[in-house]
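Notes for the one structure printed next.
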Amino acid sequence: MLRTTSTLVVAGAACALASWLFASSQFFALQASLVGVAVILAVSLNLINGITGQFSIGHGGFMGVGAYVGVVTSSLLTQFQLLPGAPQVVSDQLVLLIALATGGLAAGTMGFLVGLPSLRLKGDYLAIVTLGFGEIIRVAIQNTKEIASDELKLVQAQGIGAELAYRVTHLGRATGLSQIPQLTSFGMVWFWVFVVVMVTRRILGSPHGRALLAIREDEVAAEAMGVDTTGYKVRAFAVASFFAGVAGALFAHFQAIITPAQFDFVKSTEIVVFIVAGGLGSTSGAVVSAMALTLLPEVMRSLFGGFNVEQIRKPLFGLLLVVIMLTRPQGLFGTHELWDLGKRKKRPA
Amino acid sequence: MAGLLQHLINGLAEGTIYALVALGYTMVYGVLKLINFAHGDVMMVGAYVGYAAAFVLGDGALGSLWGAVLVFLVSILFCGLLGWLVERFAYRPLREKPRLTALITAIGISFTLSYGFQLKVQPEIAGKKVTLLPGADPRTFPEIITPAEWVTLHVPAPAPAPDEVDPAAPHDAADDFVEIIIWNWQVISFVIALALMGGLQVLVFRTKFGRAMRAVSHDHRVAALLGIPVDRVIALTFMLGSALAACAGILYAIKDTLIQPMLGVQLGLKAFVAAVIGGIGNVQGAVLGAVALALCEELVVGYASSSWRDAVAFGFLIVVLLLRPQGLLGRVQAEKV
Amino acid sequence: MRNLTLAAFAALSLITLGCERKTPAVDPKPPEAKPVDAGVAAAPKQDDVILLGEVGSLTGPEAAFGISTKQGIELALAEANAAGGVKGKKLEVRVYDDQSKPEEAASAAARLITQDHIALLLGEVASSNSLAMAPKAQEAKVPMISPSSTNPAVTEVGDYIFRVCFIDPFQGYVMAKYARQDLKMSKAAILKDVKSAYSMGLADVFEKKFSELGGKVAGIESYSKGETDFRAQLTALKKLKVEGLYVPGYYNDVGLVARQAKELGLKVTMMGGDGWDSEKLFELGGAALDGSVVSNHYSAEDPSPQVQNFITKYKEKYGAVPDSLAALGYDAAMVGIEAMKRSTDLTGPSIRDALAQIRDFPGVAGTISINEKRDAVKPAVVLQIKNNKFNYVATVKP
């Protein structure tokens, strides 16, 4: 416990330092935050797809839930001085933390509710249900209304309850929610990257993790051994959705605008691609490939700065995926982890 | 009443196209247990090849029988070849690997096709501009069947609501009936789709190849032991699915006239949903699921709210799966331990 | 195991590359030092070239719009350079693709601003993408001109954000007024695209204004961008027996809507907005569109030499009649160039001040005056379609 706390503190400090150092470069901070969000998404999805052996392609939907709930929370709270006397930065970060927590919890609850009935389904059927769920969320948001600033003022005068009701029914449909308080710093994103990696490692090392692995290897056998397969699957689903929600809330607070189209089926597929390219079941694989693939478009921009490669980026990306899979079907890392590298050398099999 | 009839006609037209695409998903899933994400894009390629063929044949061929047949044939052959290539080089090397890896290559192929077709490549060959890739602009599919009214139904109109009736206005006899027009191409498309489905049914359940295909679908290792050329059967299944997709692409283009590189993604997703509703791997199920899905969407738009159309489609899917996890016609397979 | 380590290193080096700046000149500063200049307005690096940045969708579902805009901008730059450039410097534009995604647009804008040091940012067509870009430009004090984002919220982001088109409410208002007062319609319906902010915005205003003027909006149906079968919605609307159908969508959709409406025997006057403007519309819709009316930024029939000159040059270069997006792209670039000419020292704040001063600037898509909200105040034209041509019928002043 002490070790975990101290590592957390050190990581937090390192992230704060880094974010102070790089705060002045908009582009760098933006890329680093985007990469961090991708990593959180990949690592959390890996918990479902890689470690538990289920197949979800609705992670984008959970991210969307987190983003929207987080934004509603922070828009409500920024009007208040939460800590009287504290500097604005501290109060802002507190608001952000609350927003992240509500966003994550909302997504986690949603994951639980979706998971409960649908995790009785197997394989591809589960996949299509998660996909359908993501699409339903998108359509639901599209059917809300847009915020009108004069209406908002009237509602704000009626108190916080009325404003909450107004904001929940006015999620900006296709236009999206804009004028989001820009509270996320790149350090905060990377702090959460650290948290999600730690949590996954801890889960894996625990009896809980063994149960998940058992479900992946052979569900029938696991059940025969007395593992409550549905229960474990639903919990894994809820934890992963929680982190997807946090990622969404982080994303929303450095993006200036969120639209339903950002959290659609394409987004979910992107995350699946991250973890498969990295090696299903490998957390470090998910981290590295999420980083590399998120930056790939920018790298291609850098490499071909002179030419106009904009239009061939996407088809090239598709071909690259095929080539990666053909040459290294187990993904970059297989099921290995970076932190196991040292151990294996000491213990030759 | 008139509205309902029209909705049924619309829904059937949409449903047959979903069905042709869903059949491809379901057959490939049957033999490979792979969701072939690139299938929708093969359909898109089919529509474009049909477009190119019609273009090369020139205006003279439009509306003639041989012109239409040629357009279909060229597209079927091209897509069959494309299906074979994709299977041979992107899926076969991964057959013994975890299923997800092949799924990723499928996504990769889908990206390559749908985004590749957004490039405009027009090199000059022998002094003439030849378009190799069409670019992102949507194109209008030529009328390979000259539209004509096949039959016009006069259906009695419902009495208008009392508050809508303007007492001053003279009674207009034209208001008593609603015209429902059925076009020749709707009938032709429907017949073609039915013929294709019937042909497939015969192929799968009445021929030697069909039996081999069902055997591979049941257990490809045992099938191989029994002397069935598994590789060839799978390749042929892919080609068959792609050929159906090509037909679906052209029928779609005849119906909705606009083709663009992303069309396969959206339609492919719906068709996949249809295949799952029907019970993936089941040939009749795909057709049933497709028609059910299309009608469901159509009626939601007609009688509820059109902005919830996609949500209802997926909600329908979820309800079906929760009540019948194996799909409408899917069979539960006991798992051997 | 060694393979793995190598792979990890390869991935890491990719990552560092991604963050590295790429400028054509040899950079005296090490890459780590680059962040500092983000806070201040970035001046162009090379002395003889002024670099502009554009973000647009060159791939993805809205690629056609991005490409038109880009061609309009390129044409404007070519003309300006032929006329001697700005302050003796040549103009160049660097274009990044955003695949019609807001997060890509934000990334591309940040890259243009902090890595490429552009003097002026142009883009986007879609309001959602412009809203994602605007805070980046605002923060770095780089002026941004949106050619055709019509959502009012875009320029509300800050005082560095401008646009050269009119806003949604105005267009919806123009059509509602024309339908009610000139066409004497009493019952109309709306078919809108729920995935498009533009379409929803216009539809809202039309509904409100049309009812205010005494008309009745009998039904509102919707579709999602990318759908090509509108028969279900049209069948539902057929039951309502309306005189007019307002379809504030883009030409791809509208052409099909018209064709399918005719196919179903639905007899209505269709109405729309600037999204209809494309030669493709007639290819898709054909005779089914006859009699429809649209509001637009400009009329290609406009005899003024400036407009005709633009059309001729555009046709020469790209082989097509420019649509309104191309015209607006051209105008945005021209307004930007004019502001740079008037600015004192080509820094962000001075270009911004010059932009805010633009009055009665003769653009091809109408005369542009920038108001205190940094929106362009300009008239709209109403066009009627006959025999596959837009014919001018009226001008509506704001």
[X] side, atom [atom1]; [Y] side, atom [atom2] - distance, nearest 0.5 Å:
X        : Y        : atom1 : atom2 : answer
B:Phe111 : A:Leu319 : CZ    : CG    : 12.0 Å
B:Ile107 : A:Glu270 : CD1   : CD    : 10.5 Å
A:Met325 : B:Lys97  : CE    : NZ    : 11.5 Å
B:Phe314 : A:Arg138 : CZ    : CZ    : 8.0 Å
B:Ile104 : A:Phe274 : CD1   : CZ    : 11.0 Å
A:Leu320 : B:Thr112 : CG    : OG1   : 9.5 Å

Quick check on [X] against chain A: is it the side chain, the backbone, both or neither that has a heavy atom closer than 4.5 Å?
X        : result
B:Leu269 : side chain
B:Leu317 : side chain
B:Pro93  : side chain
B:Phe117 : neither
B:Ile109 : both

More than 12 heavy atoms of other groups within 6.0 Å of B:Met213 CE: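 Result for CE/B:Met213: enclosed.
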When you look at CZ of B:Phe78, are more than 12 heavy atoms from neighbouring residues, nucleotides or ligands closer to it than 6.0 Å?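 No, because the 6.0 Å sphere around CZ of B:Phe78 holds 12 heavy atoms or fewer from other groups.
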Just so I know, are the side chains of [X] and [Y] near enough to count as touching, which here means a heavy-atom distance under 4.5 Å?
X        : Y        : answer
B:Thr105 : A:Leu321 : no
A:Leu326 : B:Thr101 : no
B:Leu119 : A:Pro315 : yes
B:Leu103 : A:Val276 : no

Run B:Ile318 and A:Ile136 through side chain to side chain contact (heavy atoms under 4.5 Å, CB included) and show every step you take. CA-CA 11 Å; B:Ile318 292 175; A:Ile136 290 175; 4.0 Å; yes
Taking side chain as everything from C-beta outward and backbone as N, CA, C, O, which of these in [X] sits under 4.5 Å from a heavy atom of chain B? Side chain, backbone, both or neither.
X        : result
A:Val323 : neither
A:Ala140 : both
A:Ile137 : neither

Return the option, out of B:Ser307, B:Ala313, B:Gly116, B:Ala90, with the maximum number of heavy-atom pairs under 4.5 Å with chain A.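 The answer is B:Ser307.
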